[in-house]
Number of protein chains: 2
Amino acid sequence: MDVKTVCLGILTDGAASGYDLKKHFESTFGHFFAAGYGSIYPALSSLADEGLVTCEHVPQEGKPDRKVYAITDSGKAFLLEALKDPAPGHKVRSDFLATMCFAHLMPAEQIETVLKSRLEDVDNWLKLIAKAESCCFDEWPPGMKFVAGFGRAMSLAMKQYVEENGHMLTDSGQQKAAHG
Amino acid sequence: MDVKTVCLGILTDGAASGYDLKKHFESTFGHFFAAGYGSIYPALSSLADEGLVTCEHVPQEGKPDRKVYAITDSGKAFLLEALKDPAPGHKVRSDFLATMCFAHLMPAEQIETVLKSRLEDVDNWLKLIAKAESCCFDEWPPGMKFVAGFGRAMSLAMKQYVEENGHMLTDSGQQKAAHG
DNA sequence: GAGGCATACTATCAGTCCGATATATAAAAG
DNA sequence: CTTTTATATATCGGACTGATAGTATGCCTC
């Protein structure tokens, strides 16, 4: 499942520009599938080349043309085929956990800063999910509701774990010993 | 935090070959920071070029030389500098959730296959974490214990959410309607 | 009314990473 | 006797990330 395929999926909900797609990624997909302009624009060009989407140029005053992309029948067929993967992956890439593995090499103060920033980050995700739900929940297909709930459940679990176990990293160790 | 930096961190625990590092990534780091040979070997070459690690060639009969890498003082300094990032990220890239967003385009049977495979995957992670703990828990620094517990907490939360909410995706919808 | 910032819209590029693949040997399993 | 598993190395194309860049409008503040 690459960015191209996800763009195609979003387009099943209506035509959109690259800019629109980016906002969609930020608001709804951000917590589990990030994509920036550097992925989206090449993806759309490539989809258009392959005939999976059409591109309509909408001139605007003073701004660059809006390029509005719409999915085609062969695009829909391609998407349904891509959705047949029986075991789609779920990967985590955590600089946070990689850093914490080496907590014994860090001063306690630095560790606390990192834990705090993680909790702030989680709160931002929770707010983002709540915001997305408050605006569109009733219109969402069941899948989007499932995914939003998933994001909330994982965020809450992370928050709870960090709050209850963060002390492991700063209690009793070289850090405290060096202190007293 | 790139693969290079994590390799450097692992080498603080003793000299190792690229092959050893790969096993380390699989057993302990796998659930939050995956890396394959395609990342590890170039990382080690580059670290050696920069003088952050040394490389000792150990000849072996019938097999290619073992190249054993050890961290240098400037390597340690580089690592401590890298660990100063106050807000290291934690990213999820989930083909699973991306697929579920479009569950309304999929037959119920396919959805159930996907959910089942996710639960199996979670169980594998749990087993992997338990195995790593059973062998090394007492020797681990606090950071590794924290990280293993984190992995378990998140895996259990995911399992629970999928088990309790998976029905949302197959109950009441085009799928059931088309059925009856 | 000048400066700064947000919003709207496009796009590219270097660096990095991922997955598959290739090569070679040997022991263990079937 | 053939396949699998383990030990070890390494490369390559394609994909993705994060930063950067350009251009125009409008809003707020000093």
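What you see below is based on every heavy atom in this structure, not just the backbone, and it leaves out hydrogens, waters and symmetry mates. Just so we're on the same page: letters track the sequence lines, and every chain starts at 1.
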message: Minimum heavy-atom separation for A:V114 and B:D85, please, with both atom names.
response: CG2-O, 3.8 Å
query: Of A:L52, A:T12, A:I10, which meets side-chain contact (heavy atoms from CB on, under 4.5 Å) against A:I71?
result: A:T12
How close or far is atom [atom2] of [N] from atom [atom1] of [X], stated in whole angstroms?
{"X": "A:E56", "N": "C:dC9", "atom1": "CD", "atom2": "C1'", "result": "16 Å"}
{"X": "B:I40", "N": "C:dA20", "atom1": "CD1", "atom2": "P", "result": "16 Å"}
{"X": "A:L44", "N": "C:dT10", "atom1": "CG", "atom2": "P", "result": "9 Å"}
{"X": "B:R66", "N": "D:dA6", "atom1": "CZ", "atom2": "P", "result": "16 Å"}
{"X": "B:D95", "N": "D:dC16", "atom1": "CG", "atom2": "P", "result": "10 Å"}

statement: The answer to which of B:S45 and A:V3 contacts DNA chain D further toward the 5' end, by nearest nucleotide, is B:S45
query: How would you label the contact of B:K4 with the nucleic acid (heavy atoms, under 4.0 Å): base, sugar-phosphate, or nothing?
result: nothing
message: If the helix axis at each end comes from five base pairs, how far does the helix from C:dG1-D:dC30 to C:dG30-D:dC1 deviate from straight, to 10°?
response: 40°
field: Proximity to DNA chain D (any heavy atom under 4.0 Å), residues of residues 17-38 of chain A only
entry: A:A34, A:G38
Is the phosphate of [N] approached by [X] (side-chain N or O, under 4.0 Å from OP1 or OP2)?
{"X": "A:S39", "N": "D:dC16", "value": "no"}
{"X": "B:Y41", "N": "D:dT9", "value": "yes"}
{"X": "A:R93", "N": "D:dC16", "value": "no"}

query: Mind checking who shares a hydrophobic cluster with A:L128, ILVMFWY linked at side-chain heavy-atom distances under 4.5 Å?
result: A:W125
field: Linked hydrophobic residues, B:Y19 as query - side chain contacts closer than 4.5 Å
entry: B:Y37, B:Y41
B:T113: partners by side-chain contact (heavy atoms from CB on, under 4.5 Å), with sequence neighbours left out: A:P86
task: Measure from the side-chain heavy atoms of A:P42 and tell me the nearest of C:dT12, D:dA10, D:dT17.
output: C:dT12
- request: Measure from the side-chain heavy atoms of B:D2 and tell me the nearest of D:dG18, C:dT16, C:dG19.
  value: C:dT16
message: Using a strict threshold of under 4.0 Å (side-chain N to carboxylate O), is an ion pair present between B:D20 and B:R66?
response: yes
message: Taking the ring of B:F150 and the ring of B:F32, is the distance between their centroids below 6.0 Å?
response: no
field: Geometric cation-pi criterion, A:R93 with B:F33: 6.0 Å, 45°
entry: yes
- prompt: Who passes salt bridge (charged side-chain N to carboxylate O under 4.0 Å, His left out) against B:E81, sequence neighbours left out?
  reply: B:K84
